[in-house]
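These notes concern the structure reproduced below.
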Amino acid sequence: MPRSVRLSLFLFFCLLWAAPSPAQSLSPEARRDLSVLATVYPGVLRAIEVGPGGRATVVLADGARLPYDDGRARTPETSEDDPDLKTMLAQPYPLGPVTAEPPLWFSPGRQRVQAFFFALYGHDQAAVRSSLKPVRFFNQSIPFNTRQGAADAFSRVAARLETLAAADPGIRKFLLPASGGMVWRVIAGTDRLSAHSFAAAVDVSPRGNPYWRNLPRGKNMLAVRRAFPQTVVAAFEAEGFIWGGKWAEFDLMHFEYRPELILLARLARGETPPLASVDGLLRPAR
Ligand SMILES: [Zn+2]
(Lines give C-alpha, C1' and ligand atoms only; values in the text may rest on other atoms or scores of the structure.)
Protein backbone atom coordinates (compact mmCIF):
# COMPACT_ATOMS: atom_id res chain seq x y z
CA MET A 1 0.00 0.00 0.00
CA PRO A 2 1.49 3.38 -0.96
CA ARG A 3 2.50 5.59 1.89
CA SER A 4 0.03 8.36 0.97
CA VAL A 5 -2.86 5.90 1.11
CA ARG A 6 -1.73 4.61 4.49
CA LEU A 7 -1.48 8.17 5.74
CA SER A 8 -4.99 8.97 4.44
CA LEU A 9 -6.42 5.89 6.11
CA PHE A 10 -4.69 6.79 9.35
CA LEU A 11 -6.09 10.34 9.23
CA PHE A 12 -9.55 9.03 8.36
CA PHE A 13 -9.62 6.76 11.42
CA CYS A 14 -8.23 9.55 13.60
CA LEU A 15 -11.14 11.77 12.50
CA LEU A 16 -13.63 8.97 13.09
CA TRP A 17 -12.24 8.46 16.58
CA ALA A 18 -12.22 12.17 17.40
CA ALA A 19 -15.73 12.93 16.10
CA PRO A 20 -18.26 12.96 18.95
CA SER A 21 -20.69 10.05 18.81
CA PRO A 22 -24.41 10.86 18.96
CA ALA A 23 -24.40 9.65 22.56
CA GLN A 24 -21.67 12.11 23.51
CA SER A 25 -23.22 15.12 21.85
CA LEU A 26 -26.73 14.84 23.29
CA SER A 27 -27.09 17.38 26.10
CA PRO A 28 -27.68 15.98 29.61
CA GLU A 29 -31.09 17.67 29.66
CA ALA A 30 -32.11 16.15 26.32
CA ARG A 31 -30.82 12.74 27.44
CA ARG A 32 -32.83 12.93 30.66
CA ASP A 33 -36.04 14.13 28.96
CA LEU A 34 -35.88 11.55 26.17
CA SER A 35 -35.06 8.75 28.62
CA VAL A 36 -38.11 9.75 30.63
CA LEU A 37 -40.33 9.63 27.52
CA ALA A 38 -38.87 6.25 26.53
CA THR A 39 -39.53 4.95 30.05
CA VAL A 40 -43.17 5.93 30.41
CA TYR A 41 -44.20 5.48 26.76
CA PRO A 42 -42.29 2.35 25.73
CA GLY A 43 -42.05 1.79 21.98
CA VAL A 44 -43.22 5.29 21.02
CA LEU A 45 -39.71 6.65 20.34
CA ARG A 46 -38.33 4.71 17.39
CA ALA A 47 -35.08 6.64 16.89
CA ILE A 48 -33.28 9.79 17.98
CA GLU A 49 -31.27 11.43 15.23
CA VAL A 50 -28.50 13.62 16.60
CA GLY A 51 -27.08 16.36 14.40
CA PRO A 52 -24.38 19.01 14.79
CA GLY A 53 -24.30 20.61 18.22
CA GLY A 54 -26.35 17.78 19.68
CA ARG A 55 -29.55 18.88 17.95
CA ALA A 56 -31.93 15.95 18.29
CA THR A 57 -34.86 14.91 16.13
CA VAL A 58 -37.13 12.29 17.60
CA VAL A 59 -38.67 9.78 15.20
CA LEU A 60 -41.90 8.35 16.58
CA ALA A 61 -43.54 4.98 15.98
CA ASP A 62 -46.08 6.59 13.63
CA GLY A 63 -43.28 8.08 11.51
CA ALA A 64 -43.64 11.64 12.85
CA ARG A 65 -40.34 13.49 13.23
CA LEU A 66 -40.26 16.04 16.04
CA PRO A 67 -37.41 18.33 17.06
CA TYR A 68 -36.51 18.01 20.71
CA ASP A 69 -35.48 21.68 20.67
CA ASP A 70 -36.58 23.65 17.60
CA GLY A 71 -34.39 26.59 18.63
CA ARG A 72 -37.27 29.06 18.70
CA ALA A 73 -37.29 31.66 21.46
CA ARG A 74 -40.45 31.46 23.57
CA THR A 75 -41.88 33.50 26.38
CA PRO A 76 -43.91 31.79 29.10
CA GLU A 77 -47.03 33.30 27.54
CA THR A 78 -46.38 31.67 24.16
CA SER A 79 -45.03 28.35 25.39
CA GLU A 80 -48.48 26.73 25.14
CA ASP A 81 -49.10 27.75 21.53
CA ASP A 82 -46.80 25.43 19.63
CA PRO A 83 -44.25 23.92 21.99
CA ASP A 84 -41.38 21.59 21.11
CA LEU A 85 -40.67 18.55 23.28
CA LYS A 86 -38.17 20.46 25.41
CA THR A 87 -40.75 23.14 26.17
CA MET A 88 -43.41 20.53 26.89
CA LEU A 89 -41.24 19.16 29.69
CA ALA A 90 -39.59 22.36 30.90
CA GLN A 91 -41.88 23.55 33.71
CA PRO A 92 -41.33 21.29 36.73
CA TYR A 93 -44.58 19.81 38.04
CA PRO A 94 -44.71 20.28 41.84
CA LEU A 95 -45.54 16.98 43.53
CA GLY A 96 -47.38 16.94 46.85
CA PRO A 97 -49.70 19.35 48.66
CA VAL A 98 -50.11 22.91 47.37
CA THR A 99 -48.14 25.33 49.54
CA ALA A 100 -47.88 28.50 47.45
CA GLU A 101 -49.59 30.34 44.63
CA PRO A 102 -47.77 29.52 41.36
CA PRO A 103 -46.19 32.35 39.37
CA LEU A 104 -48.07 33.74 36.39
CA TRP A 105 -47.92 31.40 33.36
CA PHE A 106 -46.62 28.52 35.46
CA SER A 107 -48.85 25.69 34.31
CA PRO A 108 -46.80 22.48 33.91
CA GLY A 109 -48.60 20.12 31.59
CA ARG A 110 -50.52 22.72 29.60
CA GLN A 111 -47.74 22.72 27.02
CA ARG A 112 -48.60 19.76 24.79
CA VAL A 113 -46.94 18.75 21.52
CA GLN A 114 -50.04 17.70 19.63
CA ALA A 115 -48.18 15.47 17.15
CA PHE A 116 -46.72 13.57 20.10
CA PHE A 117 -50.22 12.99 21.52
CA PHE A 118 -51.42 11.75 18.12
CA ALA A 119 -48.65 9.13 18.23
CA LEU A 120 -49.51 8.21 21.82
CA TYR A 121 -53.28 7.91 21.58
CA GLY A 122 -54.53 8.07 17.98
CA HIS A 123 -54.64 10.50 15.09
CA ASP A 124 -58.35 11.17 14.94
CA GLN A 125 -61.55 10.64 16.79
CA ALA A 126 -62.17 7.21 15.23
CA ALA A 127 -58.70 5.98 16.19
CA VAL A 128 -59.11 7.16 19.78
CA ARG A 129 -62.57 5.62 20.00
CA SER A 130 -61.21 2.27 18.85
CA SER A 131 -58.81 2.24 21.82
CA LEU A 132 -61.30 2.99 24.60
CA LYS A 133 -62.38 0.83 27.46
CA PRO A 134 -64.85 1.67 30.22
CA VAL A 135 -63.27 2.23 33.63
CA ARG A 136 -65.40 1.92 36.74
CA PHE A 137 -65.19 5.10 38.81
CA PHE A 138 -67.38 4.73 41.91
CA ASN A 139 -70.85 4.13 40.44
CA GLN A 140 -69.90 5.51 37.02
CA SER A 141 -68.33 4.12 33.88
CA ILE A 142 -65.82 6.47 32.26
CA PRO A 143 -64.30 5.64 28.84
CA PHE A 144 -60.51 5.89 28.88
CA ASN A 145 -57.75 5.16 26.38
CA THR A 146 -56.13 1.74 26.81
CA ARG A 147 -52.96 2.89 25.02
CA GLN A 148 -49.91 3.86 27.09
CA GLY A 149 -51.49 2.17 30.11
CA ALA A 150 -53.75 5.19 30.67
CA ALA A 151 -56.97 3.25 31.34
CA ASP A 152 -55.21 0.84 33.72
CA ALA A 153 -53.65 3.76 35.60
CA PHE A 154 -57.06 5.44 35.88
CA SER A 155 -58.52 2.19 37.16
CA ARG A 156 -55.87 2.07 39.90
CA VAL A 157 -56.67 5.68 40.82
CA ALA A 158 -60.35 4.71 41.18
CA ALA A 159 -59.41 1.87 43.53
CA ARG A 160 -57.29 4.22 45.66
CA LEU A 161 -60.12 6.78 45.81
CA GLU A 162 -62.71 4.20 46.84
CA THR A 163 -60.46 3.22 49.74
CA LEU A 164 -60.03 6.89 50.68
CA ALA A 165 -63.77 7.57 50.43
CA ALA A 166 -64.56 4.61 52.67
CA ALA A 167 -62.58 6.31 55.45
CA ASP A 168 -63.54 9.88 54.51
CA PRO A 169 -66.91 10.04 52.72
CA GLY A 170 -66.57 13.85 52.53
CA ILE A 171 -64.26 13.55 49.52
CA ARG A 172 -67.05 12.14 47.34
CA LYS A 173 -68.57 15.55 46.70
CA PHE A 174 -65.28 16.72 45.16
CA LEU A 175 -65.27 13.74 42.79
CA LEU A 176 -68.78 12.88 41.69
CA PRO A 177 -70.16 12.91 39.16
CA ALA A 178 -67.06 12.80 36.98
CA SER A 179 -67.08 13.43 33.23
CA GLY A 180 -64.94 14.18 30.22
CA GLY A 181 -63.40 10.75 29.65
CA MET A 182 -63.62 11.09 25.87
CA VAL A 183 -64.59 14.45 24.40
CA TRP A 184 -63.02 15.39 21.06
CA ARG A 185 -62.79 19.16 21.38
CA VAL A 186 -60.46 22.09 20.98
CA ILE A 187 -59.51 24.26 23.94
CA ALA A 188 -61.65 27.40 24.05
CA GLY A 189 -59.97 30.30 22.24
CA THR A 190 -57.35 28.08 20.56
CA ASP A 191 -57.09 25.54 17.74
CA ARG A 192 -55.40 22.97 19.99
CA LEU A 193 -57.08 19.74 21.02
CA SER A 194 -57.77 19.28 24.72
CA ALA A 195 -56.34 16.30 26.61
CA HIS A 196 -59.92 14.98 26.80
CA SER A 197 -59.82 14.41 23.04
CA PHE A 198 -57.35 11.60 23.66
CA ALA A 199 -59.40 10.00 26.47
CA ALA A 200 -56.49 10.44 28.86
CA ALA A 201 -58.00 13.01 31.24
CA VAL A 202 -61.00 13.26 33.56
CA ASP A 203 -62.95 16.11 35.12
CA VAL A 204 -64.12 15.37 38.65
CA SER A 205 -67.33 17.04 39.80
CA PRO A 206 -67.27 19.82 37.17
CA ARG A 207 -70.17 21.60 38.87
CA GLY A 208 -68.63 21.53 42.33
CA ASN A 209 -65.06 22.50 41.50
CA PRO A 210 -64.65 26.09 40.33
CA TYR A 211 -62.69 27.08 37.24
CA TRP A 212 -60.50 30.12 37.82
CA ARG A 213 -62.30 32.25 35.24
CA ASN A 214 -65.55 31.82 37.13
CA LEU A 215 -64.22 33.10 40.47
CA PRO A 216 -64.62 36.72 41.54
CA ARG A 217 -61.55 38.94 41.39
CA GLY A 218 -59.72 39.26 44.67
CA LYS A 219 -60.74 35.78 45.81
CA ASN A 220 -58.03 33.98 47.79
CA MET A 221 -56.95 31.58 45.06
CA LEU A 222 -54.51 29.69 47.26
CA ALA A 223 -57.28 28.97 49.77
CA VAL A 224 -59.49 27.69 46.94
CA ARG A 225 -56.75 25.35 45.73
CA ARG A 226 -56.06 24.10 49.22
CA ALA A 227 -59.72 23.44 49.96
CA PHE A 228 -59.57 20.60 47.43
CA PRO A 229 -58.66 17.35 49.26
CA GLN A 230 -54.94 16.87 48.82
CA THR A 231 -55.35 13.14 49.53
CA VAL A 232 -57.24 12.94 46.22
CA VAL A 233 -54.44 14.78 44.42
CA ALA A 234 -51.89 12.36 45.94
CA ALA A 235 -53.92 9.35 44.76
CA PHE A 236 -53.89 10.61 41.17
CA GLU A 237 -50.21 11.65 41.25
CA ALA A 238 -49.22 8.21 42.56
CA GLU A 239 -50.54 6.73 39.31
CA GLY A 240 -49.01 9.24 36.88
CA PHE A 241 -51.69 11.95 36.72
CA ILE A 242 -51.15 15.69 37.08
CA TRP A 243 -53.70 18.06 38.60
CA GLY A 244 -54.96 21.24 36.91
CA GLY A 245 -55.35 22.75 40.39
CA LYS A 246 -51.60 23.42 40.34
CA TRP A 247 -51.73 25.59 37.23
CA ALA A 248 -51.59 29.38 37.43
CA GLU A 249 -54.91 29.45 35.58
CA PHE A 250 -56.20 26.61 37.67
CA ASP A 251 -58.68 23.96 36.67
CA LEU A 252 -59.55 22.18 39.91
CA MET A 253 -61.66 19.48 38.28
CA HIS A 254 -59.00 18.41 35.78
CA PHE A 255 -56.69 15.40 36.12
CA GLU A 256 -54.60 14.30 33.16
CA TYR A 257 -52.43 11.23 32.58
CA ARG A 258 -48.92 12.65 32.16
CA PRO A 259 -46.55 10.08 33.64
CA GLU A 260 -43.56 11.83 32.06
CA LEU A 261 -44.13 14.91 34.23
CA ILE A 262 -44.57 12.84 37.38
CA LEU A 263 -41.37 10.90 36.62
CA LEU A 264 -39.43 14.13 35.98
CA ALA A 265 -40.73 15.50 39.30
CA ARG A 266 -39.53 12.38 41.12
CA LEU A 267 -36.09 12.72 39.54
CA ALA A 268 -36.00 16.41 40.49
CA ARG A 269 -36.53 15.59 44.12
CA GLY A 270 -33.65 13.12 44.14
CA GLU A 271 -35.47 9.83 43.70
CA THR A 272 -33.77 7.24 41.51
CA PRO A 273 -36.52 5.37 39.65
CA PRO A 274 -35.30 3.06 36.86
CA LEU A 275 -34.99 4.84 33.50
CA ALA A 276 -34.92 3.36 30.01
CA SER A 277 -31.65 3.97 28.17
CA VAL A 278 -31.87 5.82 24.87
CA ASP A 279 -28.44 4.68 23.67
CA GLY A 280 -29.93 2.05 21.39
CA LEU A 281 -32.11 4.71 19.70
CA LEU A 282 -29.36 7.22 18.86
CA ARG A 283 -28.35 7.67 15.22
CA PRO A 284 -26.25 10.33 13.55
CA ALA A 285 -28.51 12.73 11.62
CA ARG A 286 -28.46 12.12 7.88
ZN1 LIG B 1 -60.54 18.77 32.02
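Note that ligands are numbered from 1 as they come in the structure, with each ligand's atoms numbered from 1 the same way. Position 1 is the first residue of the sequence, and the numbers go up from there. Here the structure is a predicted model, which means the values were calculated and not measured.
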**Message:** Taking the basic N atoms (NZ, or NE/NH1/NH2) and the acidic carboxylate oxygens, is any pair closer than 4.0 Å for D152 and K133?
**Reply:** yes
| task | State whether R283 and E49 are salt-bridged, where the test is any N-O pair (Lys NZ or Arg NE/NH1/NH2 against Asp/Glu carboxylate O) under 4.0 Å. | result | no
Atoms listed for the Zn ion (ligand 1) (protein only, N, O or S, under 2.8 Å, no waters) are H196 NE2, D203 OD1, H254 ND1
Taken to the nearest 0.5 Å, the spacing of K173 NZ from S205 OG works out to 9.5 Å
Between the CH2 atom in W105 and the CD atom in E249, the distance rounded to the nearest 0.5 Å is 5.5 Å
If we ignore hydrogens and angles and just use 3.5 Å, is the side chain of R31 paired with the main-chain N or O of L26 as donor and acceptor?
no
### Query
Can you tell if the side chain of D33 reaches within under 4.5 Å of the side chain of L264, non-hydrogen atoms only?
yes
